[in-house]
Amino acid sequence: MTAPRILTVRPEPGQYAWTFGGAAPLARIAPGTVLDLYTEDCFAGRVRSEKDLVSKVCEFPFLNPQTGPFHIEGAEPGDTVAVHFVSIEPARDWAASTTVPLFGALTSTHSTATLQTPLPERVWIWQLDRTRRTALFRAQDSDFRVELPLDPMHGTVGVAPANLEVRSALVPDAHGGNMDTPEMRAGVTCYLGVNVEGALLSLGDGHARQGEGETCGVAVECAMNTVVVVDLLKDVATPWPRLESDTHIISTGSARPLEDAFRISQLDLVQWLVRDYGFSELDAYQFATQAVESPLANVCDTNYTCVAKLRKEWLPARETYRGVHARLRETALPLPR
C-alpha cells in the first residue's frame with residue numbers, strides 16, 4: 001500500500017481564515033491526503049490570563065480563526081468530503097473560558113433583548129495535564145477545585161457555503177461551521193456536502209472539553225495539534241453535516257429556533273436511514289423515534305445546533321458512504337497521534 005501524502009501546516013498569524021467562503025485556499029490537496037495541522041483557539045491566543053478580557057484583547061469579528069481553507073482536487077457540488085479525525089491533542093498546557101456580555105444561553109442577548117444588566121465579563125484559565133488527561137477547574141468565588149477528564153474536540157469544521165455566500169466562522173449551518181458538538185472528536189469521520197469547486201475545507205475552534213449545549217457560550221478553549229485524513233466521495237450528496245463513529249451514525253441540524261434545529265437533525269437522520277439502510281420513510285420515522293439519542297451541541301451561537309444519533313448495532317448490516325469510515329480508520333492506524 002502506498003503511504004498517504006502528509007501535509008503539515010502551521011499557519012502564520014496572517015494566514016488564518018475568519019469565514020467559510022470568500023477566503024483564498026491555503027493549499028491544494030488530493031483526496032487521501034493527511035493534514036497535520038495546528039489550530040489556534042477561538043480567541044486567536046489572546047486570552048492568556050484572568051486579566052485578558054475578551055472585550056479588551058479581541059477585536060470583533062476576528063474571532064474563531066480557522067486553519068485553511070484547503071482546495072480538494074476534484075471536489076464539485078453534489079460530492080461529499082469525508083474528514084476523519086485521527087488525533088486531536090491540546091497544543092498548550094492551559095486553556096481559557098470566559099463569560100462575554102450579551103452572549104450565552106442564560107443571559108440577555110442582542111436578539112433576546114431585555115432590561116437586565118448584562119452578566120459581568122470574567123476569564124477562567126484551565127490548567128491541562130496532557131499526560132494525565134485532565135483539565136483543572138478552579139472556582140473564582142470559593143476554594144472549590146476539581147479535575148475533569150480531557151475530551152478534545154473541534155467546535156468548527158466546514159466547507160464553503162452554497163450560492164456565493166460568505167459566512168462568519170462563528171455561524172453553523174448546512175455547510176458545517178461552528179457546530180460545537182462534542183461528537184467531533186478523534187476516531188470520528190465527518191461528512192460535508194460540497195457546494196463549490198474544491199469544497200474549501202477549514203477547521204479550528206479546539207475545545208479541551210465541552211458540556212452539551214455550551215451553555216455560557218464558551219468551552220474550554222485551546223490551541224490544538226490535529227491530524228485528519230481527507231477523502232472525497234463523488235456523486236454522493238450530504239444535505240447537512242453528518243458524522244460516523246465506530247458505534248453511531250450522527251446527523252446535525254443548525255437553525256433558530258431550537259425546535260427547527262432539532263427537526264432538521266431528526267429529519268436528516270430519517271432520510272439517511274431511507275437512503276442507505278433500506279427503511280421506508282414511515283418505518284424510519286418510527287424506528288428513529290424509539291431509538292434516537294438527541295444531545296444538544298450548542299444553544300448559544302448565531303444558529304443553534306442539535307444532534308441526532310443512532311447505534312450502529314441496531315441497524316441493518318448495510319454499508320454507508322461506501323465504507324469510507326472503516327477505510328480511513330485503517331489508514332489512520334500507522335499515523336502519528
Side-chain angles (χ1 to χ4, degrees), residues 38-58 63-64 85 87-107 109 118-156 178-188 204-226 243 245 247-248 250 258 293-301 304-307 309 337:
Y38 174 86
T39 66
E40 191 46 274
D41 67 33
C42 70
F43 309 118
R46 296 190 181 101
V47 177
R48 307 178 70 89
S49 76
E50 293 176 355
K51 297 180 181 179
D52 293 329
L53 301 182
V54 173
S55 62
K56 304 298 182 184
V57 301
C58 296
L63 295 165
N64 214 14
F85 288 87
S87 63
I88 307 173
E89 293 296 326
R92 295 191 279 248
D93 289 328
W94 58 270
S97 192
T98 69
T99 51
V100 178
L102 298 177
F103 180 65
L106 301 183
T107 182
T109 69
L119 291 176
E121 188 171 6
R122 283 195 183 182
V123 175
W124 290 260
I125 299 297
W126 291 64
Q127 297 302 316
L128 309 182
D129 189 322
R130 292 181 285 180
T131 301
R132 296 176 53 245
R133 313 298 295 171
T134 60
L136 176 64
F137 170 72
R138 292 183 292 201
Q140 294 191 1
D141 298 325
S142 72
D143 60 1
F144 178 72
R145 293 185 176 201
V146 67
E147 286 186 325
L148 302 179
L150 285 181
D151 187 10
M153 52 163 282
H154 272 280
T156 308
N178 195 29
M179 296 176 285
D180 285 321
T181 171
E183 305 289 346
M184 201 76 72
R185 55 172 63 93
V188 164
D205 191 26
H207 298 171
R209 66 167 295 115
Q210 178 209 301
E212 293 171 1
E214 199 182 20
T215 308
C216 83
V218 185
V220 183
E221 311 281 344
C222 67
M224 288 292 182
N225 291 315
T226 294
L243 294 84
S245 70
T247 58
H248 289 78
I250 305 166
L258 185 60
E293 302 167 53
S294 304
L296 294 173
N298 89 81
V299 287
C300 54
D301 289 332
Y304 301 149
T305 301
C306 286
V307 164
K309 55 189 288 193
R337 296 169 184 270

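Here, residue 1 is the first one in the sequence, and each next residue gets the next number.
N298 is not listed as a side-chain neighbour of Q210, based on a closest heavy-atom distance of 4.5 Å or more. The shortest distance between side-chain heavy atoms of P90 and M224 falls below 4.5 Å. Between F103 and D301 there is a side-chain heavy-atom pair separated by less than 4.5 Å. Proximity of C306 to L296: side-chain heavy atoms (C-beta onward) are separated by under 4.5 Å at one or more points. Contact of the Q127 side chain with the R138 side chain is registered, since non-hydrogen atoms from C-beta on lie closer than 4.5 Å. Contact check for S245 versus K309: no side-chain heavy atoms found under the 4.5 Å cut-off. A heavy-atom distance below 4.5 Å is found between the side chains of L128 and L150. You'll find the side chain of F43 reaches within 4.5 Å of the side chain of T98, heavy atoms only.
D52 has no carboxylate O lying under 4.0 Å from a charged side-chain N of R46, or vice versa, which leaves the two without a salt bridge. Looking at R92 and E40, a side-chain N of the basic residue comes within less than 4.0 Å of a carboxylate O on the acidic one, giving a salt bridge.
Between the T99 side chain and the P120 main chain, a donor and an acceptor come within less than 3.5 Å of each other. Not a single donor-acceptor pair under 3.5 Å links the side chain of E89 to the backbone N or O of P152.
Counted by atom type alone, H248 and E183 present zero donor-acceptor pairs between their side chains at under 3.5 Å.
Across A186 and I88, no two heavy atoms sit closer than the pair N-CD1, 3.7 Å. The shortest non-hydrogen separation linking A105 to V299 is CB-O, 3.5 Å. Residues P182 and M153 approach most closely at CA-SD, 3.4 Å, considering heavy atoms. Residues Y38 and N225 share a closest heavy-atom pair of CD1-OD1, 3.6 Å.
To the nearest 0.5 Å, the span separating OG on S97 from CZ on R209 amounts to 11.5 Å. For the atom pair OG1 (T181) and CD (E214), the distance works out to 10.5 Å, reported to the nearest 0.5 Å. T107 OG1 to L119 CG: the interatomic distance, rounded to the nearest 0.5 Å, is 4.0 Å. We find the CG-SG distance between N178 and C300 to be 8.0 Å, quoted to the nearest 0.5 Å. To the nearest 0.5 Å, the span separating CG on D41 from CG on N64 amounts to 9.5 Å. Separating the NE2 atom in H207 from the CE atom in M184 is a distance of 11.0 Å, to the nearest 0.5 Å.
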Using the side-chain contact (heavy atoms from CB on, under 4.5 Å) rule, take R122 and D141 through it: C-alpha gap first, then chi angles, then the decisive distance, then the call.
CA-CA 12 Å; R122 283 195 183 182; D141 298 325; 2.9 Å; yes
Dump the intermediate steps for side-chain contact (heavy atoms from CB on, under 4.5 Å) on T305 and D180, then the final yes or no.
CA-CA 8 Å; T305 301; D180 285 321; over 6 Å; no
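E121 pairs by the side-chain contact (heavy atoms from CB on, under 4.5 Å) definition with L53, V54, S55, P101, not counting sequence neighbours. Every residue meeting the side-chain contact (heavy atoms from CB on, under 4.5 Å) condition with E147, not counting sequence neighbours, appears here in chain and number order: R132, T134, L136.
Across T226, V188, D205, a single residue satisfies side chain to side chain contact (heavy atoms under 4.5 Å, CB included) together with H154, and that is T226.
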